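One structure is given here, and the rest of the page talks about it.
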Amino acid sequence: MKYLLLFLGALAICVAAFAGVLYWKYAQLFPEPSTEVVQLTPEKRALLERLRRETKFQPHHFPPLGYTGAETPEDRIRATDAVNWVIDAVLAQPDGPVQAREVSRLIGKGLSRVFWLATEDRDRTGGYLVEVWYILGFKGATGQFVYGPAYSRPAGYSEPLPPGWTAPDQPRPIGL
């Protein structure tokens, strides 16, 4: 019995070490968040307020992939609330300097609110949050996403363009 307990203890330590290594390798996939500082201006604030008022999670055919809309009305509400929460937190700041790490932290919290939604809805939430990132004028990585080679990034930027954007300074038409 004593040897069985020793064996099980050693096995538990090995499993825990293996899980730790796997988590460490997974965490290495995410880039370090940017340390940039940008200015929140009245123009950026107006664009964020338009994005907040927009009816979100509607079907679209923006490249690189289309979107069929939220899976359920409840999911649309949850995802919209997550995006709007991030926008509200940014808008609550006074005009002036905005830290990339703070916005990255907000994006991470917003993403955690949609963790259990369908993959497409989580991805579209990420698209809206990257849109906030671009509207603010950040160029570095949010540190919240991992992209493959299919997602091209504009020169000098670490995040792919949000759905519907044609260039870093040319957002999609934000409708109401």
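Computed from heavy atoms alone, side chains included, the values below leave out hydrogens, waters and symmetry copies. Here the structure is a predicted model, which is why all the values come from computation and not from measurement.
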Applying a strict under-4.5 Å side-chain criterion to I, L, V, M, F, W and Y, I'd like to know whether Val114 and Val130 cluster together. no
Are the side chains of Ile107 and Val132 in touch, meaning some heavy atoms are under 4.5 Å apart? no
Taking the ring centre of each residue, are Phe138 and Tyr157 less than 6.0 Å apart? no
Going by distance alone, is a donor N or O of one side chain under 3.5 Å from an acceptor N or O of the other, for Arg124 and His60? yes
With clusters defined by side-chain heavy atoms of hydrophobic residues (ILVMFWY) lying less than 4.5 Å apart, directly or transitively, does Phe7 cluster with Met1? yes
Do Glu131 and Trp165 come close enough that some side-chain heavy atom pair is under 4.5 Å? yes
Answer yes or no: is there a donor N or O on one side and an acceptor on the other, between the side chain of Glu159 and the main chain of Thr142, under 3.5 Å? yes
Say whether Tyr67 and Asp121, considering side chains only, have a donor N or O and an acceptor N or O under 3.5 Å apart. yes
Might you work through the side-chain contact (heavy atoms from CB on, under 4.5 Å) test for Arg76 and Gln58, ending with a clear yes or no? CA-CA 9 Å; Arg76 176 178 291 120; Gln58 302 298 313; 3.5 Å; yes
Basic-acidic side-chain contact under 4.0 Å: Arg105, Glu102: yes
Flag, side chain of Lys44 to backbone of Gln39, donor-acceptor distance under 3.5 Å: yes
With side chains defined as the heavy atoms from C-beta onward, is the minimum distance between Leu161 and Pro168 less than 4.5 Å? yes
Joint hydrophobic cluster, Ile174 plus Trp85, side-chain heavy atoms closer than 4.5 Å: yes
Is there a donor in the side chain of Ser104 and an acceptor in the side chain of Arg101, or the other way round, less than 3.5 Å apart? no
Checking Arg45 side chain against Leu91 main chain: does a donor-acceptor pair fall under 3.5 Å? yes
Does CD in Glu71 sit with more than 12 non-hydrogen atoms of other residues, nucleotides or ligands closer than 6.0 Å? no
Can a donor-acceptor pair be found, under 3.5 Å and without considering hydrogens, that links the side chain of Arg122 to the backbone of Leu117? yes
Look at the side chain of Glu120 and the backbone N and O of Thr68, then say whether any donor-acceptor pair between them is shorter than 3.5 Å. no
Could you tell me whether Glu54 and Arg172 make a salt bridge, using a distance below 4.0 angstrom between a side-chain N and a carboxylate O? yes
Between the side chain of Tyr128 and the main-chain N/O of Lys56, is any donor-acceptor distance below 3.5 Å? no
